[in-house]
Amino acid sequence: MSEKPAAPKNEAKPEASAYRATLNMPDTPFPMRGDLPKREPAWVGEWNQGGLYKRLRDARHGAPLFVLHDGPPYANGKLHIGHALNKVLKDMIVKSKQLAGFDAQYIPGWDCHGLPIENAIEKLHGRNLGRDDMQAKSRAYATEQIDQQREDFKRLGVLGDWERPYRTMDPANEAGEIRAFKRVIERGFVYRGLKPVYWCFDCGSSLAEFEIEYADKQSDTLDVAFETDDATQLAAAFGLASLPAGKSAFAVIWTTTAWTIPANQALNAHPELTYALVDTPMGCLVLAETLVEKCLERFGLQGNVLATTKGDQLGGLQFRHPLYDVDAGYRRLSPVYVADYVSDSDGTGIVHSAPAYGVDDFNSCVANGLAYDDILNPVQGNGAYAADFPLFGGLHIWKAVPVILEALKNAGRLLATQKITHSYPHCWRHKTPVIYRAAAQWFVRMDEGEGVFTKDKAPKTLRQLALDAIDHTSFYPENGKARLRDMIANRPDWCISRQRSWGVPVPFFLHKDSGELHPNTMAILDRAADIVEQGGIEAWSRVTAEEILGAEDAPHYTKSTDILEVWFDSGSTFWHVLRGSHAHAYPNGAFHASGPEADLYLEGHDQHRGWFHSSLLLGCALYDRAPYKGLLTHGFATDGQGRKMSKSLGNTVEPQSVTSKLGAEIVRLWVASTDYSGDLNIDDKILARVVDAYRRIRNTLRFLMANTVDFDPATDAVPLEQMLEIDRYALARASELQAQILAHFDVYEFHPVVSKLQVYCSEDLGAFYLDVLKDRLYTTAPKSLARRSAQTALHQITNAMLRWMAPFLSFTAEEAWGHFAGDKNQGSIFFETFLPLPSANEALLAKWNRLRAIRDVANKEIEAVRTAGAVGASLQATLVITAGADDAALLRSLGDDLKFVTITSAATVADGAELQVVVTPSAAQKCERCWHYRDDVGADAAHPSLCGRCVSNLAEAAGTGTGETRQVA
């Protein structure tokens, strides 16, 4: 939109006119240039110093509540563009709900415990800090990080309770987590077990399923021979009297984890598979029948099948460890167990079992009677074998692989090896390979089973409750439902304990001999929560067994040093934030009777296996339902080519840099204008396009405001029925658009809103309505019905448009609102609600949509004549529009206003079969004031250069005449 759009389109700039002062030229203090980087901080300061968030809460007190519970970002490191994307999207949703009339609360939060902060402290202060020192330094570090991140979030225009956010490390929340933990125990979901769990050597701790991601890893495959301990029994299993004379016999396994071979304790065969006894130069080999040919080719051997048998006939046979004759430490036997998880899709059809390092192996061995105390677990938490472990003691398992291969080769037990690249689990944080490692841990049970200290058992298993809850949850986008359902349906029990210092304690005391919990554990949990609430987790760390258990019991119990994992921290925040530390913000009536419930959780799509997942499990564990009504997921910020951002590629975009150069408003508009259901691309070129879009919207807004600066709706507004028809159409179109916008806001969609707003500004307003309106706004008398009718429409459109923009262009809407509403507002647009507009008149919309289509045809013909040089501007043209009966009736209904709609000096309608437009240059003179070509220019001797309509409009302005007549209906 032009700053001074008085001239009709295509008109050359005229010389200064003596009558310019008589025109109603647009004027507004709202500047053309946003100058966002310099001016936005003032708005942030005003919002903060003026306590805007608190005032908004007071203003909406008693209104329907909308709760978006914040998924806490980690208190570690400065904000990246992904943080900005996430927080701006949340802010837009909260603001749109605020404008919809809700009491839209936003309590920002931070995740403060856990390994990343411990790692940061170890880098700064070394790895040998005591627990007290680690906790003190971690708390100070997290506090510092939060202060830094909070200022960056504010700078992005995010409104929230920044003075009182929630932090998982606040003592009240730490205590609330312990109380939530107690409730999960009471409902029968918590148990202690020895089982393989994901273990990260860099973390030095177990990991949950949600902390695992898959990446390619190169491994050595190996086929290993286990010699039979009783040839006669093996022969009998195959229905033979004996094996060939002088032949040894071996069961052969295939694996990609050479480091587990030293801990082998069993072999597994499928009961229904057919196995072959194959005679080879090396000896007789037991292989799955379907794999014999592939295996012999891999081993480089020739052989023939002597006999076959089903896998269940192999059960109970004993085979010697492959290093049986190398070191006395391996002089043990591996029994064959039958197991359904074995397959003949690859390998040999026989699986070696190291129960400490595989879930299936563990379950098989335990089911067949292997005692927990007999499970070999030589790999330490740092990834090295125990120092006294035979042959490989002290070696890290990854470095031990070539040593193990060499030992097997020298023992004559390595039949084949090769390197492969395969998908392998890695630590989400460190991006390093993890292993399964058996450890005594605390678990939340997904299926049937007995928990500790159960007194209020849940009506269903946790898996069943969670799956039911998913069916009652709305997903944005919808495909998130299947993703979360699949994860819940297939996940194992949740390992919730960690072997770290900086976190909420598992406040248990275990008997030194039996390992059983103290009989007063539930009361101890209550006391621990009280102690933590008063002094934080540090206070519990300082408590001794004697202080809790008394002098008689204390010598017999060990105080647990485990902590609850951070997903339990963040997953339980609804429990102690919505109903505890910030209950003042959430009236009890807003929640489901059985527990707190947020309207929406919003995070990146990776949180289906993270925060959404843990929150769902804990909501169901605590009160049988999800803690949210809806889940919204967004993609990740990627570069302009869709690549993941990384410092090594040099393709990162820092929100601080964009804000300082272009303004936070551009970050906000980028978020709003991009479809967040997929990844969101961003680079300098994309931001340049966003800047252009911003300027178009701002210039349109400026034009609207500049032409209503002298309009007071209280005294100047024209009733709808007295407005000119095109003005009523403009309001109908705005009403139609608002209905679409509010429908998008209702389902948390923003990019269609931005797209439609841009089209509205450029096409509905700029290319049509405002283009037609300029003549009437500038040339009619200031207080004439014609001008006031137009201003009535423009004022309502501006009023509505500012509210549409406010959720995403918050700074611009706030700035414009100050000029637009003046002293009649409360200091912020966010006290307002979406403007009630007259209902969209469908008949009027249909009529004018057709008139606009005809106008487009006329414009093309005018442009063709102008390009040929016959006319200099559309006002120099006269039109004859030939049209069919229906179109002709529409055009004639405009009367003399048809020339204003087509922005020509004369337009007439003729009847014909098809639409046709004939353009001819006007032979009349040009009016100096309105630039129309009219036969009556000079008819008034007092104004020899003016047309009759300008003379009459001047007379009306002076109070000496009635002005020109415009058609109302």
* To do: Please lay out, stage by stage, how E533 and I178 fare under the test side chain to side chain contact (heavy atoms under 4.5 Å, CB included).
  => CA-CA 10 Å; E533 189 162 20; I178 293 174; over 6 Å; no

* Asked: Donor-acceptor pair, E174 side chain versus G535 backbone, under 3.5 Å?
  -> no

* In terms of side-chain geometry, is the basic nitrogen of D526 or K182 positioned less than 4.0 Å from the acidic oxygen of its partner? -> yes

* Structure fact -> Smallest heavy-atom separation, G77 atom then Q148 atom, equals C-NE2, 4.0 Å

* At what distance, to the nearest 0.5 angstrom, does CH2 of W162 lie from CH2 of W47? -> 12.5 Å

* Backbone N or O of K90 within a donor-acceptor pair of the Y106 side chain at under 3.5 Å? -> no

* If we only count heavy atoms from C-beta on, is the H613 to R491 side-chain gap below 4.5 Å? -> yes

* Do D103 side-chain atoms and A63 backbone N/O form a donor-acceptor pair below 3.5 Å? -> no

* Is the number of heavy atoms from other residues, nucleotides or ligands within 6.0 Å of NZ (K512) greater than 12? -> yes

* Is the gap between the ring centers of F189 and F443 under 6.0 Å? -> no

* Asked: If we only count heavy atoms from C-beta on, is the V504 to N173 side-chain gap below 4.5 Å?
  -> no

* Do F568 and L618 come close enough that some side-chain heavy atom pair is under 4.5 Å? -> yes

* Asked: Is the side chain of R500 donor-acceptor paired with the backbone N or O of I563 at a distance under 3.5 Å, no angle test?
  -> no

* Asked: Between F181, Y557, F453, which is the residue that forms a ring-ring contact (aromatic ring centres under 6.0 Å, His included) with F508?
  -> F181

* To do: Can you label the angle between the F612 ring and the Y601 ring as parallel, tilted or perpendicular, going by 30° and 60°?
  => tilted

* Backbone N or O of A440 within a donor-acceptor pair of the R192 side chain at under 3.5 Å? -> no

* **E448 and R463 ion-paired at < 4.0 Å** => no

* **Side-chain touch L462/R187, heavy atoms, less than 4.5 angstrom** => no

* To do: On the 0 to 90° scale, with breaks at 30° and 60°, tag the H69-Y166 ring pair as parallel, tilted or perpendicular.
  => parallel

* Sort out for me which residue in I488, L631, L465 forms a side-chain contact (heavy atoms from CB on, under 4.5 Å) with I470. => I488

* To do: To the nearest 0.5 angstrom, please state how far the CG atom of N48 sits from the OH atom of Y53.
  => 13.0 Å

* **Modelled atom types, side-chain donor and acceptor of D152 and H83, under 3.5 Å** => no

* To do: Would you sort out whether R179 and D530 count as a side chain to side chain contact (heavy atoms under 4.5 Å, CB included), showing the intermediate values?
  => CA-CA 10 Å; R179 293 179 180 122; D530 293 341; 2.9 Å; yes

* Is the closest side-chain heavy-atom distance between Q499 and W199 below 4.5 Å? -> yes

* Asked: Taking it one step at a time, do D161 and R57 satisfy salt bridge (charged side-chain N to carboxylate O under 4.0 Å, His left out)?
  -> CA-CA 10 Å; D161 193 355; R57 300 284 62 75; over 6 Å; no

* With no hydrogens and no angle check, is any side-chain donor or acceptor of T454 less than 3.5 Å from a backbone partner on E450? -> no

* Would you find more than 12 non-hydrogen atoms of other residues, nucleotides or ligands less than 6.0 Å from K431 atom NZ? -> yes

* Asked: What orientation do W575 and Y623 show, parallel under 30°, tilted 30 to 60°, or perpendicular over 60°?
  -> parallel

* Structure fact -> Between the CG atom in L79 and the CD atom in Q145, the distance rounded to the nearest 0.5 Å is 10.0 Å

* Asked: Looking only at atom types and distance, does a side-chain atom of R483 sit under 3.5 Å from a main-chain N or O of H605, one as donor and one as acceptor?
  -> yes

* Heavy-atom pair of closest approach, residues S570 and S614 -> OG-OG, 4.5 Å

* **Side-chain (R60) to main-chain (F102) donor-acceptor, under 3.5 angstrom** => yes

* **Non-hydrogen side-chain atoms of R131 and Q135 separated by less than 4.5 Å** => yes

* Structure fact -> Shortest non-hydrogen pair, C620 vs A626, comes out as SG-N, 4.2 Å

* Residues D624 and K460 bridged, charged N to O under 4.0 Å -> no

* **Verdict with supporting geometry, K54 and E163, salt bridge (charged side-chain N to carboxylate O under 4.0 Å, His left out)** => CA-CA 10 Å; K54 175 62 166 60; E163 300 308 310; over 6 Å; no

* To do: Might you confirm whether atom CG of N128 has over 12 heavy atoms from other residues, nucleotides or ligands at distances under 6.0 Å?
  => no

* Donor-acceptor pair, R498 side chain versus S206 backbone, under 3.5 Å? -> yes

* CG on L159 to OG on S810, rounded to 0.5 Å -> 7.0 Å

* Indicate yes or no: at least one non-hydrogen side-chain atom of L632 is less than 4.5 angstrom from one of L89. => yes

* Does the ring centre of H634 sit less than 6.0 Å away from the ring centre of Y748? -> no

* To do: Test the K559-W540 pair against the cation-pi criterion, namely NZ or CZ under 6.0 angstrom from the six-membered ring centroid and within 45° of the ring axis.
  => yes

* Asked: Would you say the side-chain atoms of W494 pair up with the backbone N or O of M446, donor to acceptor, closer than 3.5 Å?
  -> no

* Any chance you could measure L56, atom CG, to F830, atom CZ, to the nearest 0.5 Å? => 8.5 Å

* Might you point out which heavy atoms bring L85 and A637 nearest each other, and give the distance in Å? => CD2-N, 4.2 Å

* Structure fact -> Interatomic distance, CZ@F475 vs NZ@K481, rounded to 0.5 Å, equals 7.0 Å

* To do: Show your working on side chain to side chain contact (heavy atoms under 4.5 Å, CB included) between N86 and L602 and close with a plain yes or no.
  => CA-CA 8 Å; N86 179 267; L602 183 166; 3.7 Å; yes

* Can you see which heavy atom on L207 is nearest to which on C200, and at what distance? => CD1-CB, 3.7 Å

* Salt bridge present between D91 and R668 (N-O < 4.0 angstrom) -> yes

* To do: Quick one: do K97 and D599 satisfy side chain to side chain contact (heavy atoms under 4.5 Å, CB included)? Show the steps, please.
  => CA-CA 11 Å; K97 289 298 183 181; D599 290 280; over 6 Å; no

* Determine whether Y191 and D493 make a side-chain contact, defined as any pair of heavy atoms from C-beta on separated by less than 4.5 Å. => yes

* To do: Specify the closest pair of heavy atoms between A175 and A529, including all atoms of both residues, with the distance to one decimal.
  => CB-O, 3.2 Å

